[in-house]
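Read through the structure below, which is laid out as C-alpha cells, and then see the notes.
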Amino acid sequence: MPRPATVHVCSACGHETPRWTGRCSGCGEWNTLVEEVRPTAVRGGRSGPASRSAAGPAATPVRLAEVAAEDHRRLVTGIGELDNVLGGGLVPGSLVLIGGAPGIGKSTLTTMALARLGSHGLTTLYVSAEESAAQIRLRAQRLGPSALELPVIAETDLTTVLATLEAERPQVCVIDSVQTIVSDQLSSAAGSVAQVREVADAIMRVAKTHRIAVLLVGHVTKEGALAGPRVLEHLVDCVLQFEGERERTYRTLRATKNRFGSTNQAGVFEMRDSGLVEVLDASARFVAEATRAPGSVVLAAMEGTRPLLVEVQALVSASELEQPRRVVAGFDRNRLAVVLAVLGRHARIGCGHADVFVNVVGGVRIDEPGADLAVALAVASAVRGVALTGPGGRPLACFGELGLTGELRSVAHADRRIAEARRYGLSAVIEPSGQPTVRGAVAAALGRGDRADPIAA
Ligand code: TYD
Ligand code: MG
C-alpha cells in the first residue's frame with residue numbers, strides 16, 4: 001500500500017495518526033486533529049530522541065546592534081487611509097491579511113490599491129480564486145482606467161498560483177481569497193484549517209524569497225473572527241480588519257496586528273458607485289447628521305490615534321417578550337448588558353422589561369471603553385424621553401468608561417477628544433474629569449428635572 005502523503009496531527013499534543021478521527025487518541029481532546037502534508041525531506045529525522053541530543057552545528061548569537069538593518073522602503077499605495085493603517089505603505093516581502101465580511105469591499109479595496117501601485121510603475125498581479133476574470137473586469141470598469149491595466153489570473157490551484165508568482169515575480173500581489181485556493185496535496189476541503197495554513201505558508205515562502213508584497217484577502221466568520229486558523233494571524237506580518245455594515249456606506253479599516261507599524265491607526269472609507277472613497281472629515285459629517293432627538297448623543301471616540309465624533313442612538317420600548325431584546329449595532333452586546341446593569345443600579349434608570357436597541361450611526365464599529373458613557377446616556381435619554389443638547393441646541397458630546405461600582409473612569413486621550421468636540425462646535429462635553437460618577441453624569445445630561453419614568457421596571 002502506498003504511504004499516505006498526509007498525516008493528521010493533534011494541535012494540542014502533537015500526536016500523529018494517518019486518518020482523521022474526531023478525538024485524538026494521544027491526549028483525548030476533541031476536534032484537534034489537523035491534516036498536514038508529511039514533510040518528506042526530514043522524514044524520520046524529526047522525532048527520534050537520538051537526533052535531539054546529537055551535537056549538530058551550533059548557531060552563533062549576534063548582538064542586535066550588529067545586525068544589519070533591513071531596508072524597509074515602503075510601497076506607497078496613494079490611498080492615504082490604507083497607507084496610514086499599514087504604517088506608511090506596504091513593506092516588500094511582507095504578508096498583509098485583509099479580513100472582512102462578504103460584500104464589505106475587500107476586493108474593491110485591494111483592486112484599487114493594486115491599480116494605484118501599477119500606475120506608479122510597479123509590477124502587480126491579481127490572483128482571484130473567487131471570481132472569473134470577466135467579473136473582475138466588471139468591477140475594474142467602475143474603478144477607472146488604471147484598474148483595467150491590472151494583470152489578473154482566475155485560479156484556485158495553489159501549484160499554479162505559486163508557479164505564476166515564480167514566473168511573473170510581481171512586486172505586489174493580491175490573493176483573493178486565501179480560503180478559496182486549494183492545495184491538491186491535502187484531501188481536506190478548501191477553506192479548512194489545514195488548507196488555509198498550507199496555502200498561506202507556501203505563499204509566504206515565495207513572497208519572502210522574491211520580496212513580493214502580498215495582500216491576502218480573508219473571510220470573517222459570523223462572530224467576527226477571521227475564518228480559518230489563528231495560525232494564519234500568527235503567520236502574516238499585518239492583519240487588517242475591514243468593518244462596517246454592508247448596507248451602509250461607511251467602513252472602517254483597522255490594523256489588529258502590524259509588525260511594521262502601530263495597531264492604533266484606523267481609516268474611514270465610504271463606498272460609492274466608483275469604488276471606495278476616503279472620508280477625511282468623518283467627524284464633521286457625523287455631527288451634521290446627528291438627530292438631537294431623545295435617545296441620541298455624540299460620542300467623542302478615538303479611532304486609533306485619531307479622534308472621531310460619532311452619534312450613538314438608543315431606543316427603549318416596552319417589550320412583549322418574556323426575555324426582552326437587547327439589539328446592538330457597532331457596539332459589544334455583552335458590554336451593553338454591563339452598561340444597563342450599572343445604569344439600573346447606580347443611576348436608577350431601569351430597562352428590565354423593555355427592549356433596548358443601540359446603534360452607532362453610519363455603520364461605524366466602536367470598540368473602546370470610552371463608548372460606555374455614550375451608550376448609557378443615549379439609553380437614559382431614551383428612557384426619560386429627554387433630548388440631550390448643549391448650548392445653542394448643539395448635540396451633547398461625551399466619553400468615559402463605566403465602572404461596576406458606579407464610577408466614571410477616565411480613558412486615554414481625554415484632551416484630544418474634548419478638542420475634537422470643541423472643533424465641531426460641541427462645547428458641552430460630559431466626561432470623567434468633570435463627573436466622577438455615572439449618576440452625576442446622567443443627572444447632568446438630563447438636567448435635574450424629575451420626570452416620570454414611563455418604562456422603568
Ligand atoms: P466587493 O469588493 O466585491 O466586496 P468583498 O470582496 O469584500 O466581498 O464589493 C462590495 C460591494 O460594494 C458590492 O456589493 C458592490 C459594491 N460596490 C459599490 O458600491 N461601488 C463600487 O464601485 C464597487 C466596485 C462595488
Ligand atoms: Mg471579494
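Whatever order the structure lists them in is the order used to number ligands and atoms, beginning at 1. Positions are given from 1 along the sequence.
- Checking only distances, P102 never comes within under 3.5 Å of ligand 1, N or O to N or O.
- Taking only non-hydrogen atoms, the option from Q135, R139, R142, H219 nearest to atom 23 (C) of ligand 1 is R142.
- A pairwise comparison of heavy atoms in L408 and E431 identifies CD2-C, 4.3 Å as the closest pair.
- Within ligand 1, counting atoms from 1 as listed, the ones closer than 4.0 Å to a heavy atom of S274 are 22 (O).
- At a heavy-atom cutoff of 4.0 Å, ligand 1 is contacted by both the backbone and the side chain of S107.
- Between R74 and V91, the closest heavy-atom pair is NH1-CG2, 3.5 Å.
- Counting non-hydrogen atoms of neighbouring residues, nucleotides and ligands closer than 6.0 angstrom, the CZ atom of R306 exceeds 12 such neighbours.
- Residue contacts with ligand 1, taken as heavy atom pairs separated by less than 4.0 Å, involve K106 via backbone and side-chain atoms alike.
- Shown in contact with I104 at under 4.0 Å from a heavy atom are these atoms of ligand 1, numbered in order with element: 4 (O), 7 (O).
- Between the side chain of D83 and the backbone N or O of G78 there is at least one donor-acceptor pair closer than 3.5 Å.
- Closest approach of A376 and L343 over heavy atoms only: O-CD1, 3.6 Å.
- Polar contact check, G105 against ligand 1: a nitrogen or oxygen pair lies under 3.5 Å apart.
- Numbered from 1 in the order shown, with element, the atoms of ligand 1 that lie under 4.0 Å from a heavy atom of R272 read 18 (C), 19 (O), 20 (N), 21 (C), 22 (O).
- The shortest N or O to N or O distance between G103 and ligand 1 is below 3.5 Å.
- Counting backbone and side-chain atoms alike, T108 contributes no N/O/S atom closer than 2.8 Å to the Mg ion (ligand 2).
- Residues A314 and A382 approach most closely at O-CB, 3.6 Å, considering heavy atoms.
- Neither the backbone nor the side chain of D176 has any atom closer than 4.0 Å to an atom of ligand 1 (non-hydrogen atoms only).
- Heavy atoms from other residues, nucleotides or ligands lying under 6.0 Å from CZ of R416 number more than 12.
- Salt bridge status for E130 with R139: absent, with no side-chain N to carboxylate O gap under 4.0 Å.
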